[in-house]
Amino acid sequence: MRTSRRSEVDPFIVMDVMEAARAAESAGRHIIHMEVGQPGTGAPQAAVRALSAAMEEGPLGYTVALGLPALRTRIAQLYGAWYNVDLDPDRVIVTSGASGGFILAFNALFDSGDRVGIGAPGYPSYRQILAGLGFQPVDLPTTDANRLQPVPADFADIDLAGLLVASPGNPTGTMLDRSAMSDLIEAADARDISFISDEIYHGIEYERRAVSALEVSDDVYVINSFSKYFSMTGWRVGWMVVPPDHVRVVERIAQNMFICAPHASQVAALAAMDAHDELQGNMDVYRANRALMLEGLPKAGFTHIAPPDGAFYVYADVSDITHDSRALAAEILDKADVAITPGLDFDPVRGHTTLRFSYARKTEDISEGLRRLSDFMAKHR
Ligand SMILES: Cc1ncc(COP(=O)(O)O)c(C=O)c1O
């Protein structure tokens, strides 16, 4: 049977790295995981307790497509607490992770063939989801001077239906400050370009807080998730905030495509939102890990890095070491037992000279990983 042309999307290379690391582990080797983009911790205890109580109480059938009303209300409150934004809960839509949010947002906003700008380097699945749905992803190469985030000049001459940004970004962890965010939203607005802000790493920020696109405008789509700050990757629950007149549009698509986000995960997510102390405990670990990375990576020989404002990644330019990041990552896994991600996932053009290091795991793993990287580089040079 033939397969469609639209199904010919690229693999997610980090998944291949994870598989190589798993194979090494099953051969008895001890691998330090700096490839995975997920917390080493599970869902907050309160989330697990709430779910087990709910499972005793009832069948956890479908919820309404837009999500449990109590969860939508609680998410709206978060915008008051984090950004001082007064948000109507009716504008909040609970999704199957940020990934489910992208599918809903792209389908609600774009027609077949529409071009959507994404910063490069950027989260690989933007490109693949857009292409798989029949839209055209347009990479906007970013620069060190703009801390690897797009600016209006990057799409001034390009015809776009949409612009998707992420702050803090993956793989860089760099953020758009308020004026950079406003400039992008204004430039998009002036040309009727739909603006989507991926805010999945909000809450995981170090020296200043991340700015939400909703602080600047109501005429934007904001996508967020319980995967990162709330430490619930496998639960597949997230949310989206859309302009009031788009709620019904997205609801109709959500009803048909997903029916609803997983009910059990919605119950757990609601409780997770009050697990402040436990979540701040996770933040203490990321903060310590970040400090170790910012000191240890340059010492090991990875000198060209953009200090991350948020998330749990460091993106390094390794053009002085290699022009084949995939081979270098494979060699580091093979010889140093450290799994890292080659930049090609994030930037198909320039990623052959970059690597992404994740520091989401335990601090002792980060120390050990840095020691191994240092030894490897000493022999490599
Ligand atoms: C920038 C970014 N957006 C979205 C996602 C997908 O998140 P979710 O687990 O909520 O689908 C990821 C996952 O790593 C990410 O890094």
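Order of appearance sets the numbers: ligands from 1, and atoms from 1 within every ligand. Note that these values count all heavy atoms, side chains included, but never hydrogens, waters or copies made by symmetry.
In terms of polar-atom proximity, defined here as any N/O pair under 3.5 Å, S99 does make such a contact with ligand 1. The shortest N or O to N or O distance between S96 and ligand 1 is not below 3.5 Å. In terms of polar-atom proximity, defined here as any N/O pair under 3.5 Å, N170 does make such a contact with ligand 1. Of the polar atoms of A98, at least one N or O is found under 3.5 Å from an N or O of ligand 1, judged by distance alone.
Atoms of ligand 1 lying under 4.0 Å from at least one heavy atom of S227, given by number and element, are 8 (P), 9 (O), 10 (O). Contact atoms of ligand 1 toward K228: 13 (C), 14 (O) (distance under 4.0 Å to a heavy atom of the residue).
In this structure, F102 is part of the shell of residues with a heavy atom less than 4.0 angstrom from ligand 1. Residue-ligand proximity: D198 is placed with a non-hydrogen atom under 4.0 Å from ligand 1.
No donor-acceptor pair closer than 3.5 Å links the side chain of Q128 to the backbone N or O of E8.
A distance of 6.0 Å or more separates the ring centres of F230 and W235. In summary, the aromatic rings of Y315 and F357 are positioned with their centroids too far apart to meet the 6.0 Å limit. Taking the six-membered ring for Trp and the full ring otherwise, Y221 and F195 have centroids separated by 6.0 Å or more.
Remark: the T174 side chain and the D309 side chain contain no N/O donor-acceptor pair separated by less than 3.5 Å. Residues S227 and Q38 have side chains that never bring a donor and an acceptor to within less than 3.5 angstrom of each other. With hydrogens and angles left out, the side-chain atoms of Y313 and Y201 include a donor and acceptor closer than 3.5 Å.
For the residue pair S374 and A300, the shortest heavy atom distance occurs at CA-CB, 3.8 Å.
Contacts between Y126 and ligand 1 below 4.0 angstrom, taking non-hydrogen atoms only, involve the side chain exclusively. Heavy atoms of R236 found under 4.0 angstrom from ligand 1 belong exclusively to the side chain.
The shortest contact between atom 7 (O) of ligand 1 and any protein heavy atom is with I200 CD1, 3.1 Å. Of the protein's heavy atoms, Y123 OH, 3.4 Å lies nearest to atom 6 (C) of ligand 1.
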